[in-house]
Amino acid sequence: MINFILIFNRQGKIRLTRWYQYMTDKQKASLSQDVVTQILARKRGMCNILELEGRREARGKAIYKRYASLFFCFGIDWNDNELSGLEVLHKYVECLDQYFGNVCELDIIYNYSAAYQVMDEMLLGGHAQETNKKIVVKHCKGFDKLEESDSIVHNLKASNIA
Amino acid sequence: MNGLFSHTLTDLIRGIRQNKKNEQAYIAKEVADIRLELRRNDPDLKAQAIAKLTYLQMLGYDMSWASFHVVEVMSSPKFLYKGIGYLGAIQSFNQDTDVLMLTTNLIKKDLASSNASEIGIAINGLSHILTPDLARDLCADLVSMLNHSRPIVRKKVVLVLYKVFLKYPEGLRLSFSRLKDRLEDPDPSVVSAAVNVVCELARRNPKNYLSLAPQLFKLLTTSSNNWMLIKIIKLFAALTPYEPRLTKKLLPPITNLIQTTPALSLLYECIHTVIAGGMLATTGSGSNAEHANMLAATCVTKLRTFLEDQDQNLKYIGLLALTKILPTHPHLVGEHKDIILRCIDDPDISIRMRALDLIVGMANKKNLTEIVKRLITHLLPANDSEHSPINNGSATAALMDPAYRADIIRKIVFICSQNSYANVTNFEWYLAVLSDLTNVAGVDVGNSLMQQFMDVGVRVKSVRSYTIQLMMRLLGDTRLTEPDNPENANSMVLLAAAWLTGEYCTLLESPENALELLSQKSTAKLDPVIQATYLQSILKIFAFWMNSLQYSWDEEARQSLVETVDTLREGVKDLFSRSPDLEVQERASNVTVILDLIAEHVPRTPLKIENSMSFAPTMPKPPSLLGSLYPLFFNLELNPVAPKAQKKVPVPEGLDLDAWIHEPIPDPEPESSDDDDFLNERDSSYGYGWSGEGSAAGKSKKKGKKGRDQDDSKEGTEGKAKRKAERKERQKHDPYYIGGSSSPKSHKKGQDDLDVDSIPIVQLSMDGFQKPIVFGKKSKSGSKKKGKKSEKSRSPPVVPVVFATEEMPEDATLSASDEEIKDTKKKPFPTATIRGILDQDTSALHSVDLSIPVGEDEQLPRARPYMKPEEVRQYEDDLDQRRRLEALQVTKDKNEKKEKKDKKDKKEKKETSKSKSTKKESAEGEDKKKKKSKKSEVKEDPLIVMEAPVTVKSPSPAPSPVRPRSVEPAVEAPPVKSKSKKDKSESDKSGSKSKKSSTTKKTAKTPVIVQFPERSDIELGLNDNVALTNHVGDGQTYDIALAPTSLESPTTPGNEPTSDPVVLIHFRIHNRNLTQTLSSARVALADSFDIRLTGSHAGQDVVSISSSIEPQGKADLDLELLISGRIRYELRVMGTLFYMVDGHEESMEFSFAVPPSTFMLAIPRLTGADFSQMLTEQLESFSATGSATMQLSSGTTGQDEQFWGAVEKLTKEVTHTHVVEVVDGAASFFGQSWQGYRIAGLIKVRKGSAEESESSAAGGSKTIEVEMKCTDQSFVDGLAQEILDVEVF
């Protein structure tokens, strides 16, 4: 299963984090720091799998991929299938792309909750729940509609009372 | 909103980006603003503040302080805000977040939502914030949702259940059968989710899931979803070890997949499964084995293509898979040694590490030297470009990584030393490698190198002399003795060097040299452990050397003895005597005393050469002193202990290790008090056998003096015996304790009759010592060694390896030789088993057994209702107490502690709640009791009610603009329907109260519908075709009102069970479509725990409207709803309206709130005196408070008028209460709800604070404050919210 998700840019600035396992804030900070530095130090031609510090089974692995200026990184269990993990990661980026329409770093910065929404539609508790891109994006757009109508109803109600 | 604070999230992000230079300061200011926003009672601002905080949290700022506000936003009815709240919770909550206990009902409600998206965010949020309590309370709800109509909900529920099981393992047993059904769900994504969960569960405890094999197999052969196939195959990999027959069944489809699938991830998973599932290791013969071998060959060939691929990822996983296949098919992997060795030099550390692992497994006698050479090149300095394989910048950095270097060295040591050095053919080479490693390591691996040196030195007799030479070199190596960087210098090898030279000083070419090296100045800086060894070695070497002097005793020898003794004495004194380390100091004084003794007896005068009768001058007889130290060290040879020795120790006759030496002490009585528990648990952490004593101590502490005396006397007899037995038991298990019974025996043997022959293996090779040894000449040190030495020097550098004999215990059973052969099987490279931070504790899931069917008594727990205020307080007290206890307590086993304490807390809680039970037991209990008391009051004292018509009088002479609400009918209400109102605290004391005082306090509750002003239609939903309004019907008075039946029920005597109010709602459906007719319209209410249909539609799921609705037409519908839940803010009715239009079905979801004020009753007006008396006497029961503030507009109209208008609106229209008293600028009001909750409140005008008045131009800004006291917290909270929601002006 996926233990954590980190999205950061080339400067190492973190854009999105999600932890599927309980960790203290301190552990989170040190682990993400660690992962980010190690990934940034890696060259383009290297493999997309990083064995996390300690390099023993207990620690797990990080798989990552760079898209434009952003690095997307999943922390997975030691015995997980790295390739399928990378496929899920790619799928997530595809979903983001379709949702935002040619996604860029700024989209994720300013609409981080939407990026989380796409994530939550794809993954739940560290497991893939929906792998169909269309369905994921459809649900997320559905959310937006709901939020809009929500505010409409609220406004109507308020004006009614007034 | 106030423009000052309304920074949106986008503003914040933009601000952070614009203030890159002083980001910290900017954010600090923003956080301060957020704090202000949260303090205001505006839901919009709150949600916005939480959204901003969540963003900041991502940047590393703390938001745990706002967790309560997060829950508030989570409970918002607006979907947008709910989402924000849940996101905040996901990102910031952890297991210890206190407010999590408040979320149970909130999540329960959201789970019951009719809106799949709302359920979605609730489930997603829940998956992150689950605590054991939440898991237990919500498990039943979630399991029931496994059959939800929407697949999107089902798949989420399936996934979240795994998380629930982790926190609440009992739930797995109870719901597994229903979870299993999801494997056959019609929706593929639900099936995939279920496979995911089962896979995850099976990873922990595969046996439980063998029964699923047929279903999974069917999926494997039919599904085309690669990701799911991967999971299924992974799952089978976990199952096959427990059911070998599966292998046969699985091989065809998997082989097929391997040969055909284009998806590399699936291919890899198949290969991985084939390997990990043990499918290649078929021990059977014939076609089966052949088939397996063919498959293995296919796999390895496929993996080779991975390694050759340009894609580094494939290279990585290829190596990983090869590592797994290596133990069973080393020859297949061996064929690809070339390409694997190439991977060792890959610039990518991930790949390199995997290649190294593989190489370690591949090492054998033939390739060991090559591999080790390859590995050592990785340690060479980077500038040495000829040797270093990688000159790439980042790779060099990786090469310098201490962890990596340490790992390489560990691997070298491992592959050489595994299986008692089975792969090493040339030990001199190995020793040279070790000494090279000492110098190039660059990391602290001194300990492992030291052990290797000592091990080889002791074990391998044939290279001992070489070892000693090498050790001498190390002792003189200034890189070790005077290192620039002491941390990485590996000075620990000096310990080995000192010890070996001391132990095998017979092999020293020049003991004097050795002594000099051991007492050199730099020694004082070394680690005390090394210094201690140095001292011991000095004495050993000196003893040996002095002893050897007697064979060539002459003047020269005498002089050198005197010199050596003196320099040594001084050296030891200087270097070691003042060491702060005790061990060193003690040994130093020992050595000094011995040397002093010798110095005293050394002949100081030159030897006279006595001329005897013979021609040759004979040497004087050497003093006996010279040999005096020798027996201290050199009587027995040290041999390594055989690995099997421990096992071979024969069990003495009559010793039954399984029998109880003492019957186990029964567990301490369960009724032991908390203090006892505390002590027990601390003591038990010391290990087994102590708990008995612990409890005894605890008890005696509690008892009085008398009790203690008794205890002591008891202990005097039983206790001592018990303790003795326990001690014996402990000692038996202590490997370092020499048993009392056996030690005298062995001593005796050692002292009295040292029968050399009876020691079976030790060979005392005394031959070397019986002959005089001429000091300095190697050849004398034994014929055997001499032979080897010369042989070595002649040419072939490889010394035939001679191992030292291994020690075995006396009476060893010398039978199981075959056992040993078995044991020499390759052991894998040891991997650290430390629990990583990413590891979950899933041990509880292991103990779940799914093979036993679920019994009838096993049921999912029912959720607990909200905690009552006093429970919350109690909880906080407990928490506080727990924290204090934790601070005091010094125990080792934290888990145990917590468990016990939880138990204790519960116990305490129970006790306190019991003690309070006279006051309040639980929400329901209280209500019932109240009703009962009311009823009994009515029955017993009907007269009082009759006699107490409360007159309505305006107590205040001040001209009040408030028209008292017409409650005349109440006074005239028939006495049967009127009901004496009585507080429960009063009822407790009722016996002691005078009749008169109680009568005055009684007010009559009337079941009469009060005429409220009309409100306009409230729109519940709107789409292209339909408008759904909550219609203010003809002649009806209020949009949502208590049903008449409900109004009567509380006063109907003998109708006890009707305890829930019924609310009447009128719907009107407008057909907005201009042309189409709506047909078969029906309303389905969402399942809810709080709200049920009753009345004419009781028990129905769907209420349909019989007639179709013409274009622009309307249809009315009345619903009666039974409200069973707690009355609170945003108690919502949710549902869906389905209808047919133009031949197809459409639907519209709607939801609206049932405001708490719906339940307010019209009651006769209280007089001011009664009101104040009630408040003073029953203040305790009015424990709940709520407040709301609103701004008076600073317009031109008189603010007084505004205020009185507000008072009227708030009391009459909003809260349905009545004004009791008015004074200048304030009014008190009182009301009572159907449930008997009483509300007493005060509305007052407050002059704006200086800060606020500054900001407003008029300077006269005022606020209206409403403060309420109530007998129920959630009700008053709801009411306060309702007041805030209403626009008063």
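Chain letters run A, B, ... following the sequence lines, proteins first, then strands; residues in each count from 1. Atom set for the values below is all heavy atoms of this structure, side chains included, hydrogens, waters and symmetry mates excluded.
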Asks: Taking atom types as modelled, find out whether B/Ser265 and A/Glu87 have a side-chain donor-acceptor pair closer than 3.5 angstrom.
Replies: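 Yes, A/Glu87 and B/Ser265 have a side-chain donor paired with an acceptor closer than 3.5 Å.
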Asks: Please list, in residue-number order, every residue in residues 117-129 of chain A that has a heavy atom less than 4.5 Å from any heavy atom of chain B; write 'none' if there are none.
Replies: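 When heavy atoms of chain B are the reference, residues 117-129 of chain A contributes A/Asp120, A/Glu121, A/Leu123, A/Leu124, A/Gly125, A/His127, A/Ala128, A/Gln129 within the under-4.5 Å range.
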Asks: Are A/Lys43 and B/Asp348 close enough for a salt bridge, meaning some N to O gap below 4.0 Å?
Replies: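 Answer for the salt bridge query: no.
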Asks: Which bit of A/Asn132 comes within less than 4.5 Å of chain B, counting heavy atoms only: side chain, backbone, both or neither?
Replies: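 Contact with chain B involves no heavy atom of A/Asn132 at all.
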Asks: Rounded to the nearest 0.5 Å, what separation is found between the CG atom of B/Asn313 and the NZ atom of A/Lys65?
Replies: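 Between B/Asn313 CG and A/Lys65 NZ, I get 7.5 Å after rounding to 0.5 Å.
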Asks: Do the side chains of A/Asn81 and B/Ile317 get nearer than 4.5 Å, heavy atoms only?
Replies: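 No, too far: nothing below the 4.5 Å cut-off.
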Asks: Within the structure provided, determine whether B/Leu87 and A/Tyr112 are in side-chain contact (heavy-atom separation under 4.5 Å).
Replies: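 Side-chain contact under 4.5 Å: yes.
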Asks: Of the backbone (N, CA, C, O) and the side chain (C-beta and beyond), which part of A/Tyr110 lies under 4.5 Å from a heavy atom of chain B, both, or neither?
Replies: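 Contact with chain B: backbone and side chain both.
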Asks: Between atom NZ of B/Lys234 and atom OG of A/Ser84, what is the distance when rounded to the nearest 0.5 Å?
Replies: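 So the gap between those two atoms works out to 7.5 Å.
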Asks: Would a 4.5 Å heavy-atom cut-off, applied to side chains only, mark A/Cys47 and B/Ile351 as touching?
Replies: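 They are in side-chain contact.
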Asks: Do A/Thr17 and B/Gln91 make a side-chain contact, defined as non-hydrogen atoms from C-beta onward lying under 4.5 Å apart?
Replies: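 A/Thr17 vs B/Gln91: side chains touch.
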Asks: Pull out the residues in residues 92-107 of chain A that come under 4.5 Å of chain B, heavy atom to heavy atom, sorted by number.
Replies: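 If one takes a 4.5 Å heavy-atom cut-off, the residues of residues 92-107 of chain A near chain B are A/Leu106.
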Asks: Determine the minimum heavy-atom distance between B/His128 and A/Trp19, stating which atoms define it.
Replies: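 Taking B/His128 first and A/Trp19 second, the nearest heavy atoms are CD2-O, 3.4 Å.
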Asks: For a 4.5 angstrom cut-off between non-hydrogen side-chain atoms, does A/Met46 reach B/Asp346?
Replies: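 No, every pair of side-chain atoms sits at 4.5 Å or beyond.
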Asks: Kindly indicate whether the side chain of B/Asn94, heavy atoms from C-beta on, has any atom under 4.5 Å from the side chain of A/Thr24.
Replies: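 Answer no - side chains too far apart.
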